[in-house]
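Below, chains carry the letters A, B, ... as their sequence lines are ordered, and counting in each starts from 1.
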Amino acid sequence: NAGVTQTPKFRVLKTGQSMTLLCAQDMNHEYMYWYRQDPGMGLRLIHYSVGEGTTAKGEVPDGYNVSRLKKQNFLLGLESAAPSQTSVYFCASRREVAYEQYFGPGTRLTVT
Amino acid sequence: KNEVEQSPQNLTAQEGEFITINCSYSVGISALHWLQQHPGGGIVSLFMLSSGKKKHGRLIATINIQEKHSSLHITASHPRDSAVYICAVDTDKLIFGTGTRLQVFP
């Protein structure tokens, strides 16, 4: 099992460009999450999904969109990238609430 | 005030020392997670607990629900334990502390 994978691992964007980050899990988990990690701050939740076809906003959703068309995939989109979105992005999944959460390896995004 | 507070923020130890990292929280939770992140690396789950104590090798995690406090202990610390340790409380979503950076020197 690959667990949770993220594509790409690194990316540099210019301000105003768009991109999509892909998260895939092969554990048949219902819950999937997108976080960002910035220096000096804890992981912050961007969006999450409690099942195929569902999405919900987290703590810092502005500037991001998500889709969960297939149970195993959770996509994070940036429509018009801004320097404030320079961060490391982690995807995670778990079976349900109060279960262990499995993290992807992270995507380092730089917006210039 | 943050809902999850960790202390200390930074910790330096000599190999072999006993390490304690503390986590206090202010919300009702269904579970508490301890995570480990090596420099430039991914995030790994160490423990999930909702009561009492769990042990895995040299790592021990305890939680006191009434006091809203958890501790992570590392016995006989080793340089490979150098990492950031993150506490997260489970309230249907995870709320994370800012982490404790541990450096263990030979």
Side-chain angles (χ1 to χ4, degrees), chain A residues 2-10 23-25 27 29-51 54-61 66 74 87-110, chain B residues 1-10 21-52 54 56 59 61 63 65 70 72 83-102:
Chain A
V4 181
T5 58
Q6 291 183 231
T7 310
K9 289 187 168 48
F10 303 92
C23 176
Q25 53 93 5
M27 296 172 281
H29 287 168
E30 292 292 338
Y31 289 65
M32 296 188 74
Y33 306 85
W34 275 108
Y35 300 98
R36 60 177 291 171
Q37 186 179 43
D38 301 294
M41 306 184 76
L43 285 150
R44 292 182 294 168
L45 181 64
I46 304 171
H47 286 280
Y48 65 102
S49 168
V50 300
T54 75
T55 63
K57 294 181 180 179
E59 182 186 351
V60 288
V66 287
F74 195 28
S87 188
V88 180
Y89 292 84
F90 287 96
C91 174
S93 73
R94 62 178 174 175
R95 181 178 166 185
E96 58 182 273
V97 172
Y99 275 71
E100 182 180 352
Q101 197 162 116
Y102 294 82
F103 289 82
T107 295
R108 186 172 296 274
L109 174 66
T110 302
Chain B
K1 188 182 188 300
N2 292 337
E3 292 164 304
V4 181
E5 299 274 2
Q6 281 185 243
S7 63
Q9 285 188 307
N10 294 285
I21 299 170
N22 296 299
C23 177
S24 297
Y25 55 93
S26 58
V27 295
I29 67 171
S30 56
L32 183 141
H33 301 252
W34 281 103
L35 309 166
Q36 181 192 57
Q37 185 175 27
H38 280 102
I43 300 168
V44 175
S45 176
L46 297 174
F47 294 104
M48 187 189 71
L49 64 167
S50 54
S51 65
K54 285 191 175 180
H56 180 67
L59 274 58
I63 188 168
I65 296 292
S70 176
L72 176 68
V84 176
Y85 293 84
I86 303 168
C87 168
V89 297
D90 206 327
T91 66
D92 83 333
K93 297 182 285 292
L94 295 193
I95 304 171
F96 297 84
T98 54
T100 295
R101 184 174 301 276
L102 170 65

The reported gap from CD1 in B:Ile95 to CG in A:Leu43 (rounded to nearest 0.5 angstrom) is 12.5 Å
Interatomic distance, CG@B:Asp90 vs CD@A:Gln101, rounded to 0.5 Å, equals 7.5 Å
So, the part of A:Tyr99 with a heavy atom under 4.5 Å from chain B: the answer is backbone
Ranking A:Arg108, A:Arg44, A:Glu100 by heavy-atom pairs under 4.5 Å to chain B gives rank one to A:Glu100
All heavy atoms of B:Thr98 vs all of A:Gly40, minimum pair found to be CG2-O, 3.9 Å
Rounding to 0.5 Å, atoms CZ (A:Arg94) and CE (B:Met48) come to a distance of 8.0 Å
Heavy-atom nearest pair, B:Ile43 first then A:Phe103, reads O-CB, 3.5 Å
Q.
Would you say CD of B:Gln9 has more than 12 non-hydrogen atoms from neighbouring residues, nucleotides or ligands within 6.0 angstrom?
A. no
Any A:Leu45 side-chain heavy atom under 4.5 Å of B:Leu94 side chain
no
Within the structure provided, determine whether B:Gln37 and A:Gln37 are in side-chain contact (heavy-atom separation under 4.5 Å).
yes
